[in-house]
Q: 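One structure, pasted below without further comment.
Computed over heavy atoms, backbone and side chain alike; hydrogens, waters and symmetry mates excluded. Just so we're on the same page: letters track the sequence lines, and every chain starts at 1.
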Amino acid sequence: MDYLESLNPQQQQAVVAGTGPVLVLAGPGSGKTRVLTHRIAYLVGGLGVHPYHIVAVTFTNKAAREMEARLQNLLGEQQRGLTVGTFHAVCGRILRREAEHLPFDSNYVIFDADDQLRIVKQVLQELDLDEKRYRPQSVHASISRAKNDLIFVDDFPVQTYRDEVVKRVYTRYQQILLASNALDFDDMLLWTVLLMEDQPAVRERYARRFEHLLVDEFQDTNVAQYALLRHLSSFHRNIFVVGDVDQSIYRWRGADYRNVLRFEQDFPDAQVILLEQNYRSTQNILDTAMAVIDRNPHRTPKKLFTRRGRGQKIVVRELYDDREMASYVVHRIAEDVATGAAQPGDFAVMYRTNAQSRLLEEAFLAAGLPYKLVGAQRFYGRREIRDLIAYLRLVHNPRDEVSLTRVINVPRRGIGNKTLLTLQELARSLGVSPGGLLLRWGGGETPPIGEALSARAAASLLSFGEMLAAWHQAKDALPPLELMDRILADTRYREYLDDGTEEGQERWDNVMELRRLAGEYHDRGLVDFLEDVALISDQDTYDEDANVPTLLTLHAAKGLEFPVVFIVGLNDGTLPHFRSFDDEEAMQEERRLLYVGITRAKDRLYLLYALNKSTYGYPEPAEPSRYLDDIPPELVEGARSTVTRKQDLSPRRTAPVRLEAQFRPGMRVRHPHWGEGMVLNSTVDADDEVVDVFFEDVGLKRLVASLARLTVLR
DNA sequence: ATAAAGTGACTTTTT
DNA sequence: GTCACTTTAT
């Protein structure tokens, strides 16, 4: 088999690069996944490396699955034994196997973002700290950042009083995790690195095993991940990383693109290979992307080029507000589909924040067009889904106090706050976890209740304990699906949800969806089910086979491509996001985010901004994104004479009728964005006034008077 | 103990 | 406008 077939010279060079460190700097659409998979195929099929000795690490399950699928095509059964997975999944496997060296056992559960926040809140309450002064999110972010930087509790530096508070919360937070036999996302990396450092023999075993280490999206690694890679490659030094600093968009999660520079320092003998040829987009799209990203300082400029030709110009368009924007998108899609110019699945709509999806969804719904939204939170964040996962987690690991607290009174079974508190105290006095106590109680042991509990409360607890004990006993014999069915039946969960409303039905449908998912784990079992559910990412929910338009955040778009891309809400404050305004590094990342979005487009690109945006309900005038100014007009369709006009797409909204012209040729006017200009012409339309204005700075514009917020100057 | 009604705070991005 | 959390009434 020829592993170099259909690869360009740079790709080939990367695929057959000799042993030792290799750094591949790969622009968007340059075929980096091809390079990674062909490299592995070459190692196994060409050099005869056993797959057992190869590990490939990605950031999302989707990327891992895609790599596996492509390897299956290239290698067939020869690929068996390969380790391909996300950082967290690979660490998870190592931690379960090596649990004897660690302060938790191999049945540990993974606490997700919501659980983590709950614990922080609980701790803040315990320590009698004011949640207004110490916002749980922000305290948690500090803890997470420390962990990503490999700073353990004892080493947490204290310079301010706030640091001191965070350290106290961090300490207690960590105690609770361990008492619950639980890890958060950051712990998975942190404990693995700690394991490698504290147990040289273990490190040696893995370092010897992994002869070849391959890493995707290397620019998104954080300190902990980089440390882990160094440990795992410490014996063979065959570390092959692929990345693009211009696509680094996870700084807020601890990612540091400077790891790419660090790599070159730490491995001075590294081969560096540049992939610049783009196989995805037209040259106009690439030029747009470069115009945006070139403004970032301290970059090694890359020249993205394609053989696909210039293609169509990009569309930059102003819409009245977010609603009109959504409506415009839907109508454009409907039109292209109707004329046969494109298929529904060709389109993607991208935005900066999740909240922006709502109006888009409404517009699709109103038009009766199916669409798909990428985002796991949507599903896994739902109350009913979290409840059921909490039940399963509790059965799997009764020490999980977060889950116990969540479900002990759902559906209502007469166990209120007071009773729960008494249970917790009782458990503490006996030196067991509350879940453990209930389990034993339900299994026949009677705890020394004394006067602490009323007879009714005790009966409620006992009956819950009995259910828990029965499930716990059955869990090893039952596949996840059957266990879930049993829980649903015993708790009468459906009756609890079904309140006769549409919402109740929807919730039950969600439960059925989770049930379907559980069914896929018949052979792998509960542990894998719970782990996968905890580590699922938004990007993992992208379904390329659906042939419907895709709605997704710019972050979730990384690694994907679409024939037609709409980027909506290109307004200052949204992109760049206002929270980044006072942080230079963050602002550079906003720019990279737009760059990532633009480079997803193969053929057509729409950049849309609103004249008015609404910040939680209330509309206010908005500025176009500053990044739009960086795009050369010759790349933009009709750039010289933008018609600024409210789209007459929703018949419900009609502009106020105006009979007389307000503006006359020769008048001097001011526009909030375009500055001062002179009116050249004005005509009264059926329901509005259309004014042509020549602006000093931007030239001729056609404006609708009722929307353009023009003021007349003397 | 629970349901209903009221409050305030908040939205980047997510393994 | 939406959510989570708190207060209030039963």
Q: I want to check something: taking the side chain as every heavy atom from C-beta on, are A/L392 and A/F529 in contact at a cut-off of under 4.5 Å?
A: yes

Q: Is the aromatic ring centre of A/Y250 closer than 5.5 Å to the centre of the six-membered base ring of B/dT14, with the two planes inclined by less than 30°?
A: no

Q: In whole angstrom, give the distance that lies between atom CD of A/E590 and atom C1' of B/dT11.
A: 13 Å

Q: So, A/S180 versus A/E401: side-chain donor-acceptor pair below 3.5 Å or not?
A: no

Q: Verify the distance criterion only: is there a donor paired with an acceptor across the side chains of A/D244 and A/Q219 at less than 3.5 Å?
A: no

Q: For DNA chain B, just give me the dot-bracket, please: Watson-Crick or G-U, both distances below 3.5 Å, ( ) intra-strand, [ ] crossing earlier pairs, | paired with another strand, . unpaired.
A: ||||||||||.....

Q: Does OP1 or OP2 of B/dT14 have a side-chain N or O of A/S537 closer than 4.0 Å?
A: no

Q: Within the 3.5 Å criterion, strictly below it, is a donor on A/D509 or A/Q505 matched to an acceptor on the partner's side chain?
A: yes

Q: What heavy-atom pair brings A/P411 and A/T491 nearest, and what distance separates the two atoms?
A: CG-O, 3.4 Å

Q: Closest nucleotide of DNA chain B for A/L535 versus for A/G416: which of these residues is on the 5' side?
A: A/G416

Q: A/H555 has an atom NE2; how far is it from atom C1' of B/dT15, in whole Å?
A: 12 Å

Q: Please determine whether a side-chain nitrogen or oxygen atom of A/R135 lies at a distance below 4.0 Å from atom OP1 or OP2 of B/dC10.
A: yes

Q: Mark up nucleotides 1-10 of chain C, 5' to 3', with B wherever a protein heavy atom is under 4.0 angstrom from a base atom, S wherever such an atom reaches only the sugar-phosphate, and - elsewhere.
A: BS-SS-----

Q: Check every strand shown and say whether A/N354 touches a base, only sugar-phosphate, or nothing at a heavy-atom separation below 4.0 Å.
A: sugar-phosphate

Q: Set out, line by line, the N/O atom pairs under 3.5 Å between protein and nucleotides 3-5 of chain B.
A:
| residue | atom | partner | partner atom | Å |
| --- | --- | --- | --- | --- |
| B/dA3 | OP2 | A/R412 | NH1 | 2.5 |

Q: Who are the ring pair (Phe, Tyr, Trp, His ring centres under 6.0 Å) partners of A/F59, not counting sequence neighbours?
A: A/F87

Q: Need one value for A/R592: base, sugar-phosphate or nothing, where a base atom within 4.0 Å counts as base even if backbone is also close, heavy atoms only.
A: nothing

Q: Specify the separation, in whole Å, of atom CE of A/M587 and atom P of B/dT13.
A: 17 Å

Q: At under 4.0 Å between heavy atoms, what does A/N61 touch on the DNA or RNA strands: base, sugar-phosphate, or nothing?
A: nothing

Q: Atom CG of A/L453 and atom P of B/dA1: how far apart are they, to the nearest Å?
A: 10 Å

Q: Hey, is CZ on A/R299 packed in by over 12 heavy atoms from elsewhere, all under 6.0 Å?
A: yes

Q: Where the side chain of A/N409 is concerned, which of B/dT2, B/dT13, B/dT15 is the nearest nucleotide?
A: B/dT2

Q: How would you label the contact of A/T419 with the nucleic acid (heavy atoms, under 4.0 Å): base, sugar-phosphate, or nothing?
A: sugar-phosphate

Q: Could you state the atom-to-atom distance from CD of A/Q137 to P of B/dC10 in whole Å?
A: 8 Å

Q: Does the side chain of A/Q174 come under 3.5 Å of the side chain of A/K147 through a donor N or O and an acceptor N or O?
A: yes

Q: Can you classify the ring geometry of A/W252 versus A/Y250 as parallel (below 30°), tilted (30 to 60°) or perpendicular (above 60°)?
A: tilted

Q: Using the side-chain heavy atoms of A/A355, tell me which of these nucleotides is nearest: B/dT13, B/dT11, B/dT15.
A: B/dT11

Q: Taking CD1 from A/I415 and P from B/dA1, how many angstroms apart are they, rounded to a whole number?
A: 10 Å

Q: How many whole angstroms separate atom NZ of A/K132 from atom C1' of B/dA9?
A: 9 Å

Q: Only pairs at least two apart or in different chains count here, so list each salt bridge (Lys or Arg N to Asp or Glu O under 4.0 Å) that has a residue in residues 84-98 of chain A.
A: A/R96-A/E531, A/E98-A/R205

Q: According to the interplanar angle, ranging from 0 to 90°, do the rings of A/Y371 and A/F364 count as parallel (below 30°), tilted (30 to 60°) or perpendicular (above 60°)?
A: tilted

Q: If you look at every strand shown and take non-hydrogen atoms under 4.0 Å, does A/F185 touch a base, only sugar-phosphate, or nothing?
A: base

Q: Return the value, rounded to whole Å, for the distance between atom NE2 of A/H577 and atom P of B/dT13.
A: 7 Å

Q: With sequence neighbours excluded, give me every salt bridge (Lys or Arg N to Asp or Glu O under 4.0 Å) pair touching residues 121-146 of chain A.
A: A/E126-A/R172

Q: Using heavy atoms to find the nearest nucleotide of DNA chain B for A/A113 and A/R456 separately, return the residue whose nucleotide is more 5′.
A: A/R456

Q: Contact class for A/I249 (heavy atom, under 4.0 Å): base, sugar-phosphate, or nothing?
A: nothing

Q: Of all heavy-atom pairs between A/A363 and A/V330, which one has the smallest distance, and what is that distance?
A: CB-CG2, 3.6 Å

